[in-house]
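Residues take their numbers from the sequence shown, with the count starting at 1. Below, all heavy atoms of this structure are taken into account, side chains as well, without hydrogens, waters or symmetry copies. Model, not experiment: these values are computed from the prediction. Counting starts at 1 for both ligands and their atoms, in listed order.
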Amino acid sequence: MDEAVQSTNDWMAAIRAHETARADRYLRDPYATLLTGPDPEGTLAALRAMNSPVDIVIVRGRFGDEALTRALARGVRQAVSLGAGTDTRGYRLDLPEDLVLYELDLPGRLAAKHHVLATAGLTPSCRISPVETDLRGDWTSALAAAGHRPDRPTAWIVEGLFYYLDPATADTLLGQLTARSAPGSSVQLDIPADDYLTDPANTEWLAYLVERGSPFLGHTADPTGWLAGHGWTAESYQPTTLDTCPWLPPPPARLTSSYRHLWHVHATR
Ligand SMILES: C[S@@+](CC[C@H](N)C(=O)[O-])C[C@H]1O[C@@H](n2cnc3c(N)ncnc32)[C@H](O)[C@@H]1O
């Protein structure tokens with residue numbers, strides 16, 4: 001199970017590498033090519049053939065870049081990425097030197113990512129603190145041991161994670177992060193809508209995920225209400241309504257027309 005879910009990281013890097021190579025790119029990640037598995041284009045074609053929602057990776061990446069930039073402009077100086085995977089924000093964005101970016105993921109892959117990037121001669125623009133831990137368990141003490149300050153605001157990045165956590169585990173995790181979110185904190189996340197799991201268009205893709213040991217478990221009908229229950233003020237968008245987000249550069253239709261029933265959410269408290 002853990003290996004299967006961790007290997008989805010190769011897909012994320014392949015998707016970002018492909019987008020970056022386009023002249024009309026909506027997201028630029030020049031380091032994604034260093035982090036793909038073998039045959040990234042073949043992987044991408046296979047994912048698309050199964051109706052995997054690959055384009056959400058690009059849209060949530062840009063959504064997250066904009067949300068993080070806004071948090072930094074408010075003076076936030078610690079960010080925590082839950083399920084960071086092959087994300088390279090600490091390298092590809094011009095972040096403040098005094099920002100600490102905690103990257104949390106299952107044990108086994110974070111060190112290798114930073115080794116690959118360092119071997120390519122790259123240095124992060126902020127301080128990155130990798131924390132290998134299972135987010136279904138007691139991850140908060142590992143984060144505290146790494147130096148996270150719950151009395152200071154945090155920008156939480158939760159991209160591509162809630163798919164793999166059942167609703168009860170997701171709710172526990174949201175409660176845990178909320179308890180470590182001083183006023184001024186923000187959270188950006190994506191999560192399937194209830195309809196995603198019942199849409200016949202997704203049958204083959206969802207069956208493949210079950211077969212390979214990384215089933216989609218997470219879903220919510222009402223992310224704004226879910227977050228409000230934990231004390232957050234949230235704005236939630238589906239791909240068809242992202243053009244109403246006042247701070248997001250409008251994503252091109254080629255990206256937002258290819259997936260549906262997935263939420264993009266940003267919240268503050
Ligand atoms: C689809 S990838 C998304 C990675 C990255 N956030 C991105 O958008 O490219 C899902 C990530 O969540 C991590 N993950 C899933 N379940 C986890 C758990 N229980 N504890 C820690 N990390 C987990 C996986 O290892 C993987 O890195």
Exercise for the section: Check whether any heavy atom of Arg109 sits under 4.0 Å from an atom of ligand 1. Expected result: no
Exercise for the section: Look up atom CG in Asp171 and atom CG in Leu174, then write down how far apart they are to the nearest 0.5 Å. Expected result: 6.5 Å
Completion exercise
Under 4.0 Å from one or more heavy atoms of Gly85, ligand 1 contributes atoms 27 (O)
Practice task
Write down the atom of Tyr26, the atom of Pro250, and the distance for their closest heavy-atom approach.
Solution key: CE1-O, 3.7 Å
Handout entry: Ile157 to ligand 1, any heavy atom closer than 4.0 Å
Key = no
Handout entry: Side-chain H-bond candidate by donor/acceptor type, Thr88 with Asp29, under 3.5 Å
Key = yes
Completion exercise
ligand 1 to Leu161, heavy atom cutoff 4.0 Å, flagged ligand atoms 12 (O), 14 (N), 15 (C), 16 (N), 17 (C), 23 (C)
Problem - Heteroatom distance test (Arg16, ligand 1): nitrogen or oxygen, under 3.5 angstrom - result: yes
Exercise for the section: Give yes or no for whether the N/O distance cutoff of 3.5 Å, strictly under, is met between Leu135 and ligand 1. Expected result: yes
Handout entry: Residue Asp98 excluded, over 12 heavy atoms near CG under 6.0 Å
Key = yes
Problem - Leu106: numbered ligand 1 atoms lying under 4.0 Å from its heavy atoms - result: 17 (C), 18 (C), 20 (N), 21 (C), 22 (N), 23 (C), 25 (O)
Exercise for the section: Could you tell me whether Gly160 and ligand 1 have an N or O pair separated by under 3.5 Å? Expected result: no
Handout entry: Nitrogen or oxygen atoms of Glu159 and ligand 1 under 3.5 Å apart
Key = yes
Practice task
Please report the shortest heavy-atom distance between Thr224 and Ser236, naming the atom on each side.
Solution key: OG1-OG, 2.7 Å
Practice task
Compute the centroid of each ring, for Trp263 and then for Tyr196, and state whether the two points are separated by less than 6.0 Å.
Solution key: no
Handout entry: Verify same cluster id: Val265, Tyr163 (apolar side-chain graph, 4.5 Å)
Key = no
Practice task
Under 4.0 Å, heavy atoms only, figure out whether ligand 1 is touched by the backbone of Ser81, its side chain, both or neither.
Solution key: neither
Practice task
Looking only at distances, please establish whether an N/O atom of ligand 1 is found under 3.5 Å from an N/O atom of Thr86.
Solution key: no
Practice task
Determine which pairs satisfy salt bridge (Lys or Arg N to Asp or Glu O under 4.0 Å) with at least one residue from residues 180-198, sequence neighbours left out, and list them in order.
Solution key: Arg60-Asp190
Exercise for the section: Enumerate the atoms of ligand 1 whose separation from the nearest heavy atom of Thr133 is less than 4.0 angstrom. Expected result: 20 (N), 21 (C)
Problem - Any N/O pair Asp105/ligand 1 closer than 3.5 Å - result: yes
Handout entry: Residues in side chain to side chain contact (heavy atoms under 4.5 Å, CB included) contact with Ser125, at least two apart in sequence or another chain
Key = Leu95
Handout entry: Per-atom contacts of ligand 1 with Asp134, taking only distances under 4.0 Å to non-hydrogen atoms
Key = 18 (C), 19 (N), 20 (N)
